[in-house]
Amino acid sequence: MSSLQDTILQGDSILQMQTLPAESVDMIFADPPYNLQLSEGLRRPNQSLVEGVDDAWDQFESFSQYDDFTRAWLTEARRVLKPNGTLWVIGSYHNIFRVGTLLQDLDFWILNDIIWCKLNPMPNFKGTRFTNAHETLIWCKKNQKSRYTFNYKLLKSLNDDLQMRSDWAIPLCTGPERLKTNGQKVHPTQKPEMLLARILLACTHPGDLVLDPFFGTGTTGAVARKLGRHFIGIERDEGYLHAARERLQNITPLPEQERLEGLFLRPEPRIPFGMLLEAGLIHPGETLMGGGRKQTWSAQIRADGTLECGAHHGSIHKVGALVQGIPACNGWVFWHVERSGEQISIDVLRRKLRKQGEQDESSG
């Protein structure tokens, strides 16, 4: 199986999954055709055409045909999934309810439905319905008795020491991350890396193998590689396949301390912790507190921009992870400093410095 790690298989997803060994993958992320049932092009009020999904791969003759297709790929997904592995499926109102029924029919055990709230959704140009501002993810394990991975403490540390909720506010894929050729989107429904990062961090460990049977332009593979996971992708479209391979050639695993900073948080200009020292917002010898409301841990700021907490020494991320005994930590939201008698996140100071930089740039 090691020979298949970090590879893309070209062809039909069901046929290619049949070539994989049983119980061989730790997690599956599936972004299958939504069966959008679009009968005509969608136009904006100015009559310009919206780049919608009208490709052949999303077209089915009937709900029955779509159900047969879904049942077939889910059956193979169940076969290749390890006993304690988990499956994620994303969809819209067009298909996700049918997928959920078939998951239960095949004895998968649903753990959560996650609502991806799009911060920048496409408006409903006709004004005839509510704006479709979310998609639904179903997270399930192989059966009711399966023991599964859930990195609860890691997600909590990334959420200002609060339990991660089932509504995720994440923007659509835009900017440099959106793959384009001659100004046109390579794929109409490319998912944001931030979404896949949260999924992989939630229920996999470094070194785990993730299968994506509808690989598209390779977002799952890109995020897996950055986070130190392995992947197998399956894609039948030659154009998407070429784009995915080209994309993955330029990606190397991120250093551990940068994985969360680079993927989990919203992309913003990078502010190293040491810049807070240079700006005088924090000082060498000052104490940072970590652990949310309980403020369980304290660490001293060193002149070189690292922290010291007992025997632990290193970056804000490394020390935060070590004191909690978890693989990784977003130190910006974990550590707090006292200002005006209150404990505030050092991320507040970072945002202050970032805003100051933006104002200086605009005034310059």
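What you see is a predicted model, and the numbers here were worked out from it, not measured in a lab.
- Using a 4.5 Å cut-off on side-chain heavy atoms (C-beta onward), L200 and F29 make no contact.
- For the residue pair Y66 / E61, no side-chain donor-acceptor distance below 3.5 Å is found, with atom types taken as modelled.
- For the side chain to side chain contact (heavy atoms under 4.5 Å, CB included) test, residues two or more places apart in sequence or in another chain that qualify with R98 are F63, D67.
- At least one donor-acceptor pair under 3.5 Å links the side chain of W116 to the backbone N or O of I170.
- Side chains of V89 and L137 form no contact here, defined as non-hydrogen atoms less than 4.5 Å apart.
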Can you list the steps and then say if I199 with M27 is a side-chain contact (heavy atoms from CB on, under 4.5 Å)? CA-CA 10 Å; I199 290 169; M27 195 203 89; 3.9 Å; yes
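- Hydrophobic clustering of Ile, Leu, Val, Met, Phe, Trp and Tyr side chains at less than 4.5 Å, counting indirect connections, unites L277 with V319.
- Remark: T75 engages R71, L106 in a side chain to side chain contact (heavy atoms under 4.5 Å, CB included) (not counting sequence neighbours).
- With rounding to the nearest 0.5 Å, the separation of CD1 in I90 from OG1 in T189 is 9.0 Å.
- Heavy atoms only, all atoms of each residue included: P32 and N95 are closest at CG-ND2, 4.4 Å.
- Under the 3.5 Å distance criterion, with hydrogens and angles disregarded, no donor-acceptor pair is assigned to the side chains of E135 and S92.
- L102 is not listed as a side-chain neighbour of V99, based on a closest heavy-atom distance of 4.5 Å or more.
- Linking Ile, Leu, Val, Met, Phe, Trp and Tyr whenever their side-chain heavy atoms come within less than 4.5 Å puts L87 and V25 in one cluster.
- Contact record, G100 with I138: CA-CD1, 3.8 Å, taken as the closest heavy-atom pair.
- A 4.5 Å side-chain heavy-atom check between P213 and I28 finds at least one atom pair inside the cut-off.
- At a cut-off of 3.5 Å, with distance as the only test, a side-chain donor of H313 or R302 sits close to an acceptor on the other residue.
- Centroid-to-centroid, the aromatic rings of Y34 and H94 stay 6.0 Å apart or farther.
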Should R339 and E286 be marked as a salt bridge (Lys or Arg N to Asp or Glu O under 4.0 Å) after you check the CA-CA gap, both sets of side-chain angles, and the distance that decides it? CA-CA 12 Å; R339 293 290 183 268; E286 193 169 8; 2.6 Å; yes
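- Environment of CH2 in W168: crowded, with over 12 heavy atoms of neighbouring residues, nucleotides or ligands closer than 6.0 Å.
- Looking at N84 and Y148, their side chains never come closer than 4.5 Å, going by heavy atoms from C-beta outward.
- Taking each heavy atom of R79 and T19 in turn, the nearest pair found is NH2-N, 4.4 Å.
- Remark: side-chain polar atoms of Q324 are not paired, donor with acceptor, to backbone N or O of I326 under 3.5 angstrom.
- Residues T219 and R247 bring a donor and an acceptor atom of their side chains to less than 3.5 Å of each other.
- Of all non-hydrogen atoms in G216 and A244, the two that sit nearest each other are O-CB, 3.8 Å.
- Side-chain contact between L288 and I301: present, with at least one pair of heavy atoms (C-beta onward) separated by less than 4.5 Å.
- L241 CG to I234 CD1: the interatomic distance, rounded to the nearest 0.5 Å, is 11.5 Å.
- A pairwise comparison of heavy atoms in P171 and P192 identifies O-CG, 3.5 Å as the closest pair.
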Begin from the C-alpha positions of Q190 and L172 and carry the test side-chain contact (heavy atoms from CB on, under 4.5 Å) through to its verdict. CA-CA 9 Å; Q190 181 183 337; L172 289 167; over 6 Å; no
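- Contact check for R78 versus L74: no side-chain heavy atoms found under the 4.5 Å cut-off.
- Residue N143 holds its CG atom at 10.0 Å from CH2 of W109, rounded to the nearest 0.5 Å.
- Note that NE2 of H134 and OH of Y93 are 10.0 Å apart. Values are rounded to the nearest 0.5 Å.
- In this structure, the side chain of H317 engages the main chain of G331 through a donor-acceptor pair within 3.5 Å.
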Take V337 and L281 through the test side-chain contact (heavy atoms from CB on, under 4.5 Å) and record every step on the way to the result. CA-CA 10 Å; V337 64; L281 296 175; over 6 Å; no
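- Among residue pairs with one or both ends in residues 14-32, those qualifying as salt bridge (Lys or Arg N to Asp or Glu O under 4.0 Å) are E23-K142, D26-K82, D31-K191; sequence neighbours excluded.
- No more than 12 heavy-atom neighbours from other residues, nucleotides or ligands sit within 6.0 angstrom of CZ on R165.
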Can W335 and L307 be said to form a side-chain contact (heavy atoms from CB on, under 4.5 Å), step by step? CA-CA 10 Å; W335 295 108; L307 300 187; 3.6 Å; yes
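- Between the Q18 side chain and the E76 main chain, no donor and acceptor come within less than 3.5 Å of each other.
- Although no hydrogens or angles enter the test, the distance criterion places a donor-acceptor pair under 3.5 Å between the side chain of N151 and the main chain of T204.
- In terms of hydrophobic clustering, with Ile, Leu, Val, Met, Phe, Trp and Tyr side chains grouped at heavy-atom distances under 4.5 Å, L227 and F215 are assigned to different clusters.
- Rounded to the nearest 0.5 Å, atoms OG (S345) and CH2 (W332) are 9.0 Å apart.
- With hydrogens and angles disregarded, no donor-acceptor distance shorter than 3.5 Å links the side chain of T181 to the backbone of Q184.
- The environment of NE2 in H242 is sparse: at most 12 heavy-atom neighbours from other residues, nucleotides or ligands sit within 6.0 Å.
- A cation-pi contact, defined as under 6.0 Å to the ring centre and within 45° of the axis, is absent between R225 and F231.
- The heavy-atom pair separating W139 from T149 by the smallest distance is CZ2-O, 3.9 Å.
- A donor-acceptor pair under 3.5 Å links the side-chain atoms of S146 to the main chain of P83, judged by distance alone.
- Taken to the nearest 0.5 Å, the OG atom of S13 stands 4.0 Å off from the CZ atom of F214.
- Under a hydrophobic clustering in which Ile, Leu, Val, Met, Phe, Trp and Tyr are joined whenever their side-chain heavy atoms come within less than 4.5 Å, directly or via other members, V80 and L15 fall into different clusters.
- A side-chain donor-acceptor contact under 3.5 Å links K141 to the backbone of Q144.
- Under the 4.5 Å side-chain heavy-atom criterion for ILVMFWY residues, no single connected hydrophobic cluster contains both I251 and V186.
- For the pair E193 and R178, the salt-bridge criterion is not met [side-chain N within less than 4.0 Å of a carboxylate O].
- Under the 4.5 Å side-chain criterion, counting only non-hydrogen atoms from C-beta, L248 is in contact with I8.
- Annotation: K118, atom NZ; neighbour count of heavy atoms from other residues, nucleotides and ligands within 6.0 Å is above 12.
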